[in-house]
Structures are given as C-alpha cells and as structure tokens.
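Reading through the structure tokens given below for one structure.
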Amino acid sequence: MSQKPQKPAGGNSPLESTLSKSYDPHSIEQRIYQTWEQAGVFAPSGRGKPYCIMIPPPNVTGSLHMGHAFQDTLMDTLIRYHRMRGDNTLWQAGTDHAGIATQMVVERQIEAEGKTRHDLGRDEFVKRVWKWKAESGGTITRQLRRMGASLDWSRERFTMDDGLSQAVTEVFVRLYEEGLIYRGKRLVNWDPVLHTAVSDLEVISEEEAGHLWHIRYPIAGTNKHLVVATTRPETMLGDTAVAVHPEDERYKPFIGKLVALPLTDREIPIIADEYVDREFGSGCVKITPAHDFNDYEVGKRHNLPVINIFYSDACINLPDSPYHGQDRFMARKKIVADLEALGLIERIQDHKLMVPRGDRTGAVIEPFLTDQWYVKVGPLAAEAIKAVETGRIRFVPENWTKTYYEWMRNIQDWCISRQIWWGHRIPAWYDADGQVYVARGASAAHAQAKQQHGQDIPLEQDEDVLDTWFSSALWPFSTLGWPEQTRELKTFYPTSVLVTGFDIIFFWVARMIMMGLRFAGDVPFREVYIHGLVRDAHGQKMSKSKGNILDPIDLIDGIDLESLVVKRTASLMQPQMEKKIEQATRKEFPHGIPAYGTDALRFTFASLATQGRDIKFDLGRIDGYRNFCNKLWNAARYVLMNAEGEDCGQSYEDGAQAPSARPPLPAGEGMGVRADLPPPLPSPKGRGEAGKNLYSVELTVADRWILARLQEVSAEVESAFRDYRIDLASQAVYSFVWHEYCDWYLELSKVVLTDSKSGSELLRGTRRTLVAVLESLLRLLHPVMPFITEEIWLRMAKLAGKPGMTIMREPYPVPDMKKADSTAIDEMHWVMGVITSVRNIRGEMDIPPGKRLPLLVQDGTARDRKYLDSNRHYLETLARAESISWLEKGTDAPESATALVSHMKVLIPLGSIIDKNQELERLGKEMEKIERDLSKAKTKLANPEFVDRAPKNVVEQENQRVLRFETTLSKLRAQFAKVKALPG
RNA sequence: GGGUGCUUAGCUCAGUCGGUAGAGCGUCGCCCUUACAAGGCGAAGGCCGGGGGUUCGAACCCCUCAGCACCCACCA
C-alpha cells in the first residue's frame, strides 16, 4: 500500500488528474463502500436527535430481489438524509433465521446425499443448519453492501443469536404467565408435506377448478336417500352427521333420523343447523368435524364425534378400511369409483373452489386436529388498535390504517408452534403425566417441577419450535438489547419509521406493535411507511416460475443475454415453461442488460416510489437515470476543468486540508456534524466576509439566479422528504441539475469564462458559484446516489472549502431564504425567453444551430432595454447572434421572422435564409395557439358570475392574460400581413 | 360476500390550495458547438375511463357506471 491508504477514493482512483469522459460506476462503487465501512461512518454519531430504522430482517437463506433492493433504497435514502441532517442515526442490520425456508434448503441438501433429516437426528441436523448458515448465509448482506446500504454492520444481529433467543424465551414465559399463551387441541392448517402446522397467514387460498360431487346417502330403514354435495368426497369416511337447515321444508321430516354412511358400517344422524345454506347444492351438508373448519364448529354445537381419518402426511389412517394408507387424492378417486359402482353418485358438476395451499410448499393444506401453542391475541390487538387510533403510530399513506383495523378487529388466535427443528424451541417441559412447566430454561423448569412434586422428576422439553414471526415480532427491541435496559434501547426505541410492503402488515407490522406495546412499553415505531410492490414491465408479479425475475445485481453489473436465459430457466418447477420463458427473455432483452451501476438503480427506485401504487419496473427509466449519472459526472468534469488550479475565491488554498493529507476517519465517534452552513459565498459586493484568503468576487445575474433557484429546490426537497415523497424529491433535483444547472447555468458560465475581457472578480465569482452549486447538488443527491456523489465530492471538496472526509457526514442543504433573489430570477427568465424564441425560429426553419444570425429588437420597454444592455453577451453567445441592434419605433423593419418576448419584438431578418411560406406557417401556428387561449380567457371574463364570485386576484390575472394575448396577437397579425405581402 | 387502490400523451408515471394539463422514455426535424452523441437545440402528440352533480370555474370534491389490479372471508 502507498502512504495514503485511507483515501483510495480520492487518491488511488484513475481520476487522479482528470475525470474519465464518461461515468463508470464499476470503478468506484465497491472501493468507496469499503472505505465507508472501514471508517465506521455507518454507526450512530452519538449526538443529535435519535433517528432509527430497523431493517426488515431478510432471510439468511435469501438473496436480494427487486423488492429488497427497492425497500433498501428507500430506507438508505432516509437514513442518509437524516444522518446528514445531523441526527444520531442508526440503521439496524440483521437477518432472520426463517425457520421453514431455511430448514427446507438444508433438507434438500441432505436429500441430495440420499438421506433425510431423521437419519441425522435433531441435534445433528440443527448443527448442519448452523454450519450452512455460516458458509452461505452471507449472500444477502454482501448484496446489501452492493446497494450502498449504510447499515450499521457492527451491530448486526441474527434472530437466533443468544441475545435475541433470550428475548424470545422471556416474552414466551411472560405471555404464558399472563395467560396469553395457551396450549390447545384444535383444528389447524396442516401442511402434509412439511408435517407441521402453519398460521392462517401462511395459507394462500386461490380459486381452482374442481368438482362438486352429489352423493346419495341412504336414509336408514327406508328406501329414500338424501343427496349431499361435496368438493372433497374422500372426507366422507370421517362424516359424523348430515346437516340440513332447520326451516327447510324438504328435509324437516328427516331431522333426527339416521343415514347409513356409504362405504362404512356407520349410521350418522341428520341434524338441523342454521349454518346450512338451503340454496346451495341440495341443501344437505355432510359434516366432517375433523377435516373442515366449519364442520368442526357444527360438530361442537351438536356434540358430534370427531373422527380423524388422516395421518400427518394426509394418507388415510383407518386400519379397518380398504382405503387405509392411501394418499388423499388416490383415495378420492377410489371412493368416487366405488360410489359410482354402488349407484350412489347422482351427478358430478364442474365447480370452482378456493383451494388452500401452503405458501412454502404449495401443498393443499389440510385442516388437522392437533395439539398446538397459541397466542391469545384479543387483548394485545385491542392495545395495538388504540395505538393507531390515537395517532401514536401513523401510516403513510394513511389509507393503510383501514386495512390494519380491518384485520386487527377480526384477528384470530395465533398458532405459534411448528413441528420443525430449526427455530426457537418452545420453553415448555413435560413430566411423565404430561403436566407442563413453562420456564426460562431447563433448570428453572426442573425447579418448578421439584417444588410441586417435592422431588426431582424427569422432564422432557416440547419438541416444537416457534413460528419465525414470533421472534420477528420482537425485532425492534430485541436487537437493542431487551430485556436489558440498554443505552441503545433507551436512545433508539421507539424507532422512527418502519419501511415495508403492505403484504407484510399482518405478518409483521401488527405483531411488532402488539409485542412492542406489551413488552417495551411503547410503540415500536412512530410511522409506518408502506411502499408498493415491484412488478415487471408488464405489471406482472416477479416470480421464479414465471421466469420474469430481474436480479438487482444484474442491473448493477450487467448481464449478457445467454447468461440471463440460463439463469431464468434453471431449476424450474415446471420445465415445460422453459421455452416460453426463453422466448420472452430474448424478446425483452435482445442485448442482455447493460451495467447501470448502483446509483442509477437507486435513482430509478426513488423516482418510482410514488404512493399507493405498485411499480412497474421499466428498463427505459433506469436507462434515463444512468444517463443522468453521466450528465452529473460530466457537469463535474466541466466544473473541475474550469475551477481546479484556478482562483475560486475559496479560503482553503494552503493544501493542509487536501484529501491526501487528512487524518484517517475515526471509527464511529468524532464525526461531528458541523453547523449547516452553505459554502462561504460572499455578498454580491464581496464584502462582509473577512478571511485572509477570501477574495472579493462579483456575481453575475446568472450566478445570483442559480443560487436563488438552488434555495427553492432545496425547499422543495425538504418538503418532499417530510411527506415521504422521495419520488418528488429526486425529480426536483433531477430537473434542476439537468435543465437549469447544466442546460442554462453551465452554458452561461462559459460566456464569462471564455471572455478575455472578464475581470478577475467576475471569473472568481463564476467559478465559485459553479463549485458551490455543484457541491450543494452533490449533497442534495447523496441520499439517493451515494457513490457518484461521494466520488465527485471528494474530488472537489477542497475547492468548495470543505475539509470533511466524506460527503456522508456533511450537512444536508437547507434552503437559505436570504439568497432568494426574485429580481435575478425575473431577469434570467427574460434572457432565457429571448434565447428560446430565437432557437425556436431556428428550429422551425431548420437553420443550422451553428449559423450566426443578425438580430433586431423593437418596441421594448425600459426594462427590456435595461435587460438587453446588461445581457447582450449572453444573448449573442447562446442565441448565436451575429449582432443585436435596436430598431427605433416606426422604423421599417426588413423582411424578418419574428418572435415576441412580452412586448418586445425579436426579429431575424429573412434575407435569403428564410422561406416565406415556412414563416407564414410558423406565424399561423403561433397565432392559432394564442387565439385559442384568448378566446378561452375572454369567455371566462364575459361570464358575470365569474367576475363577481371568483377571487379578485384570479379575475385580475385573467384580465392580464387577455391583455397580453391581445397585444401579442395583434403584433403577430401585423407581422403575418407584412410577410404575406412580400413578393415570392 | 366485504374492503382497498388504479384509469392523465404511443409507453411508464407526476399533478400540492379546485384557477393557463407536466416529466422521463419513445417519435419527428436540425446539429459530432472544446463537460457530456449515455449529448445539444427545436417540434409533434391529451374529451384527464363513461355519465351525472356541486361550483363563477373540476384531472382534482360528491354520486354513479365500467374496466383493471390487489387484500380479506368457512358457502359444502
């Protein structure tokens, strides 16, 4: 290493002397990130107002998808913004153990070795998972770094690490002691592939095509029968009644009688229950309490026996039945065939039904009777609802509160036990009699047992683990050290905002609120910022099986078409989709995906982050923002070319603060946030700021204009951030950078800088403004585009008089209304108006932009004369005017193309350049447009009600418009007539 | 069956207080002007989903219809 290892960003870069001609994200991003992380600048500063965001912990098994990338961009932008605002900012890092998902990954590996987890045994298996986590669990955190996420990695946590596991146990025990956790035998959603219970939320019900079988159940002792309709004929083996509606005249006589259940030797009663819908099917419902949630309730009301007909893998468990041991779907076929043979099938109808499937396995979920642990959610939910009602938690956008209430008011008890091995083992022990001891550890459980029984007795721990979301619910406080009352907990809890997708409100947001209120004594966050889902360019959800996934890393690094095709078609669940996916991919990305770099990707996300709407990810957008990076880069090149080594009137000229000479960044501490002062800009006269190296400067109207506009844009950004409108914030800066700073100000600055007659104070003023505005823009943009802004900033910080080590800890620009300068803005508008009108004529007439034209002006006011006099140089250069001369009133103008800037006529003598008909057409178009506007305005004013009732200023404004349109129009008409009268 | 959101230029989307409809991409001209061709300058392109109402005035507020998307829910 050289002797400046601390400053690779400024010192080792290929940009040592000049910036490369176009922006190359690859050469800077990872280097800059490493510098930041090593310097510890992601850690809280220790001073300022606390600001904290908890990352929704990604699964350790996971890799970064577009949803993460989007969400992390939003969070990082907020975090960087607040860090620059001087807040004591923590973005808590960590990952989730993701019980079922992770267990499935490792089980698949073991399967590949020809074994099952049972061959290994529980302890060995869990060891295997830990090993796997250590080796492969870091993918997503590496990818987060690629996104530029300024997470405090020094505080990274894992939901299964010791501290967090202790929090889990503590919460479980306390809830149990308060009677809010109980164990019960009930119907649960059972995944027959995973052999575990899952919560309501982990079941996805979708409409699928199926059948409705109408089956005859003979009425005992008669030759009559009842017809029941069912979508699941195999469950008839567990029927314990047939229900009809109590008021149903058709069946009233049979209530209380028995039917002979076909294919069994059982007789079951005909019961009456309000639950039955007379209109549906035959109006008779078979009741299978063990395998249907409704039937279970009916069974309870009528004291029906509950006959479980399945094993845990959903094979028939009826040793005396011919269907014993068969899979449920096999059994269905068999049973239907057998019924048919007996003449008991009346008809089979096609039928659409909602089929519940496990979100992980896709297997049809089976209602299954088991012992499980539950959280009694009612009391917790009541508090959680109140917290939102009273405004202690605010949803953004606000309408999500409705969704939240809807769910919380209908919430069911939460099944928290899972019959898997990877996760937090339930802190419950049983003695030989099945008595349960819930305790903070095995020894505590033994002590409990001993106290009750007067002697040591053997205990066995519950085999189950907790739902992953149980530990996630504690994340906002467990990561901060709870149950210890740590300094971090006191500082950062409640956290500031939770940034998440609506799909997770129920799984996570609601549960965090309940647990936070109960155990950490306050809401877990003050605001919940809900963003949309990232979809593909056609609005489809991205999914592996659809083959429309975009990998954020591919957008950053680029990927060629062949690799993309391979990636999208690899290990598909449905191989028949391969062809289709390949075709679609080749069509959509004929040249693969170019390397856009992180900043372009982040800017795209930021710009698409509108509220209340999902985002369709369109490559066109990221293309445009990559170009924006390049634009910014080249603007910086221009500024550096003109300012570096030149006299910019800044006070740091001695080299002592040069990047290479700065001390290394202290870790975490000492990165004090300085007072938020804009670059030391002098007053127009250059007085009032003493400093031995501060030279006086003269500011042009362009300088004053761009500085004034910068204040306005800063204000816009500030208010956008306040409303979580990051899209508006980034759009505001985008258009300012491109369309004001680059399109106008840089061009205007050339006029001064290339003019040999420019005095040193003027040159200095222009350079200083170029530098100061660029430097402010970098800070404005940094939260969204961290890398490119840091790279440029390090290059130019000292030109701007900034001794800082990284833009990350520089103050965020705040609008300074002292620099509001409406006269400069007015004057520049005038200048731009004249230039634009000349350009317009040029464009319409296809006159080459390089061709110099003589300009005549006529009929101006005193203001026009004044502005023209002081801005002649700008007009000549930017409008490519050969000359500009006043034509006295009444003087006959030569044949010309004409434009109007308020009252002033701008004439371009036709000479041989301009085609008469073309000019007539152009004038005609102009007149038409104004006529339209004029007549609209006139109609308005002709309406007495408008004049009477509309606010005075609106009426006045309308009057002004009419006047303006009328003068313009009359001048255009005169010009039109004049041109028309010309020969040729 | 309840609930939510969306519908604005060819495409993707902004539109704050109800007061002159905007941007990016794409398209069409003219330009390789020494920051940038990933660029510059200019232009075309709109019944703001339909209907009704409130208002002097509606893309915006109210009602209604239609289409699309999503969430919740036990019709066998």
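Below, read A as the first sequence line, B as the second, and so on, with proteins coming before strands; counting in each chain starts at 1.
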Looking only at atom [atom1], what distance separates [N] and [M], rounded to whole Å?
{"N": "B:A58", "M": "B:U16", "atom1": "C1'", "answer": "16 Å"}
{"N": "B:C60", "M": "B:U55", "atom1": "C1'", "answer": "13 Å"}
{"N": "B:A9", "M": "B:C48", "atom1": "C1'", "answer": "10 Å"}
{"N": "B:G50", "M": "B:A59", "atom1": "P", "answer": "11 Å"}
{"N": "B:U27", "M": "B:G10", "atom1": "C1'", "answer": "8 Å"}
{"N": "B:C32", "M": "B:A38", "atom1": "C1'", "answer": "14 Å"}
{"N": "B:G53", "M": "B:A14", "atom1": "C1'", "answer": "28 Å"}
{"N": "B:C62", "M": "B:G26", "atom1": "C1'", "answer": "38 Å"}

Polar pairs (N or O, both sides) under 3.5 Å between protein and nucleotides 58-64 of chain B?
none

List in numerical order all residues of residues 932-944 of chain A for which some heavy atom is under 4.0 Å away from an atom belonging to RNA chain B.
A:Lys936, A:Asn943
Who passes side chain to side chain contact (heavy atoms under 4.5 Å, CB included) against [X], sequence neighbours left out?
{"X": "A:Asn399", "value": "A:Pro397"}
{"X": "A:Arg637", "value": "A:Leu19, A:Lys21, A:Trp633, A:Asn634"}
{"X": "A:Arg232", "value": "A:Thr230, A:Glu234, A:Thr235, A:Phe310, A:Arg328, A:Arg332, A:Glu366, A:Pro367"}
{"X": "A:Arg621", "value": "A:Thr604, A:Ser607, A:Leu608, A:Asp618, A:Tyr625, A:Gln731"}

Looking just at side-chain N and O atoms, do A:His245 and A:Asp273 make a donor-acceptor pair shorter than 3.5 Å?
no
Any Lys/Arg nitrogen of A:Arg725 or A:Asp727 sitting under 4.0 Å from an Asp/Glu carboxylate oxygen of the other?
yes
Ion pair A:Glu747/A:Lys750, N-O distance below 4.0 Å:
yes
With sugar-phosphate meaning primed atoms plus P, OP1 and OP2, does [X] contact a base, only sugar-phosphate, or nothing at under 4.0 Å between heavy atoms?
{"X": "A:Cys742", "value": "base"}
{"X": "A:Arg409", "value": "nothing"}
{"X": "A:His214", "value": "nothing"}
{"X": "A:Ile287", "value": "nothing"}
{"X": "A:Phe293", "value": "nothing"}

I need the [atom1]-[atom2] distance between [X] and [N], as an integer number of Å.
{"X": "A:Arg186", "N": "B:C74", "atom1": "CZ", "atom2": "C1'", "answer": "16 Å"}
{"X": "A:Leu353", "N": "B:A73", "atom1": "CG", "atom2": "P", "answer": "16 Å"}
{"X": "A:Phe605", "N": "B:C13", "atom1": "CZ", "atom2": "C1'", "answer": "16 Å"}
{"X": "A:Glu207", "N": "B:C72", "atom1": "CD", "atom2": "P", "answer": "15 Å"}
{"X": "A:Leu774", "N": "B:A35", "atom1": "CG", "atom2": "P", "answer": "15 Å"}
{"X": "A:Asp623", "N": "B:C25", "atom1": "CG", "atom2": "P", "answer": "9 Å"}
{"X": "A:Arg621", "N": "B:G26", "atom1": "CZ", "atom2": "P", "answer": "12 Å"}
{"X": "A:Asp295", "N": "B:C75", "atom1": "CG", "atom2": "P", "answer": "13 Å"}

Within the structure, does a side-chain N or O atom of [X] lie under 4.0 Å from either OP1 or OP2 of [N]?
{"X": "A:His739", "N": "B:G24", "answer": "yes"}
{"X": "A:Lys851", "N": "B:C31", "answer": "no"}
{"X": "A:Thr610", "N": "B:C13", "answer": "no"}
{"X": "A:Lys541", "N": "B:A69", "answer": "no"}
{"X": "A:Lys286", "N": "B:A76", "answer": "no"}

Partner residues of A:Asn410 under the side-chain hydrogen bond (donor to acceptor under 3.5 Å, both in side chains) criterion, sequence neighbours left out
none
Using the test side-chain hydrogen bond (donor to acceptor under 3.5 Å, both in side chains), find all partners of A:Asp503 that sit at least two apart in sequence or belong to another chain.
none
Using distance only, find each side-chain donor-acceptor pair of residues 939-946 of chain A under 3.5 Å and give its atom names and separation, not counting sequence neighbours.
unit_1: A:Thr939; atom_1: OG1; unit_2: A:Ser935; atom_2: O; d: 2.5
unit_1: A:Asn943; atom_1: OD1; unit_2: A:Glu945; atom_2: N; d: 3.0
unit_1: A:Glu945; atom_1: OE1; unit_2: A:Arg949; atom_2: NH2; d: 3.3

Could you run down the sub-3.5 Å N/O contacts of the protein with nucleotides 52-55 of chain B?
none

Could you tell me whether A:Tyr734 and A:Phe628 have their ring centroids closer than 6.0 angstrom?
yes
Find every protein N or O atom lying less than 3.5 Å from an N or O atom of nucleotides 3-5 of chain B, and list the pairs.
unit_1: B:U4; atom_1: OP1; unit_2: A:Lys402; atom_2: NZ; d: 2.8
unit_1: B:G5; atom_1: O2'; unit_2: A:Gly612; atom_2: O; d: 3.0

How does protein reach along nucleotides 38-48 of chain B, written 5' to 3' as B (base within reach of a heavy atom under 4.0 Å), S (only sugar-phosphate), or - (no contact)?
BSBSSS-----
